[in-house]
Q: 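Just passing along the structure, written as structure tokens.
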Amino acid sequence: MTPAEGVRAPTVDIEVLGHLIFYLPAESRNGATARTTVPTGTAVGHLAELLNIPRHEMQAILVNGVSVTDPAASLGPADHVVILPIISGG
């Protein structure tokens with residue numbers, strides 16, 4: 001076995017709120033939480049593409065309870081991500 005064969009990509013919990021749940025696959029919509037595996041070093045800013053969520057629908061991304069402003073920030077093993085939707089009203 002090579003070193004690469006023994007290395008697993010980190011598992012990241014992704015939680016989406018509000019109407020963003022409808023961008024997730026039907027099997028992932030239970031409780032508005034999806035569990036997915038991403039490659040090591042995946043940037044927070046790349047999650048929208050991975051989940052097919054339009055960026056203009058997202059208000060903020062929290063990683064382990066902290067708002068992430070740098071889209072190049074990398075996710076690590078067992079990170080918990082919450083994606084908040086844009087909220088509007090009148």
Q: Identify the residue among N64, T42, V44 that makes a side-chain contact (heavy atoms from CB on, under 4.5 Å) with D79.
A: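 Filter result, single survivor: N64.
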Q: Roughly how far, to the nearest 0.5 Å, is the CD1 atom of I21 from the CD atom of E15?
A: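 One finds 10.0 Å between CD of E15 and CD1 of I21.
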Q: For Y23 and I53, work out which heavy atoms get closest and say how close.
A: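 The pair with the smallest heavy-atom distance is CB-CG1, 3.7 Å.
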Q: Heavy atoms only: give me the nearest V68-A73 pair and the separation to one decimal.
A: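 Heavy-atom minimum between the residues: CG1-CB, 4.0 Å.
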Q: How many angstroms lie between atom CD1 of I83 and atom CD of E57, to the nearest 0.5 angstrom?
A: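 The CD atom of E57 is 12.0 Å from CD1 of I83, to the nearest 0.5 Å.
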Q: For R55 and E49, which heavy atoms make the closest approach, and how far apart are they?
A: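 Nearest heavy atoms, R55 then E49: NH2-OE2, 3.2 Å.
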Q: Below 4.5 Å, heavy atoms only, C-beta onward: do I87 and Q59 meet side chain to side chain?
A: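 No, side chains not in contact.
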Q: Please name the pair of heavy atoms, one in A43 and one in P71, separated by the smallest distance, quoted to 0.1 Å.
A: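 The pair with the smallest heavy-atom distance is CB-O, 3.3 Å.
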Q: Quick one: pull up CD1 in I61 and OG1 in T69 and give me the separation to the nearest 0.5 Å.
A: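 I61 atom CD1 to T69 atom OG1 measures 11.0 Å (nearest 0.5 Å).
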Q: Kindly give the heavy-atom pair with the smallest separation between L20 and M58, and that separation in Å.
A: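 Of all heavy-atom pairs spanning L20 and M58, the closest is CD1-CG, 4.5 Å.
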Q: Nearest heavy-atom pair of L51 and I14: which atoms, and what distance?
A: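 Smallest heavy-atom distance, with atoms named: CD1-CG2, 3.5 Å.
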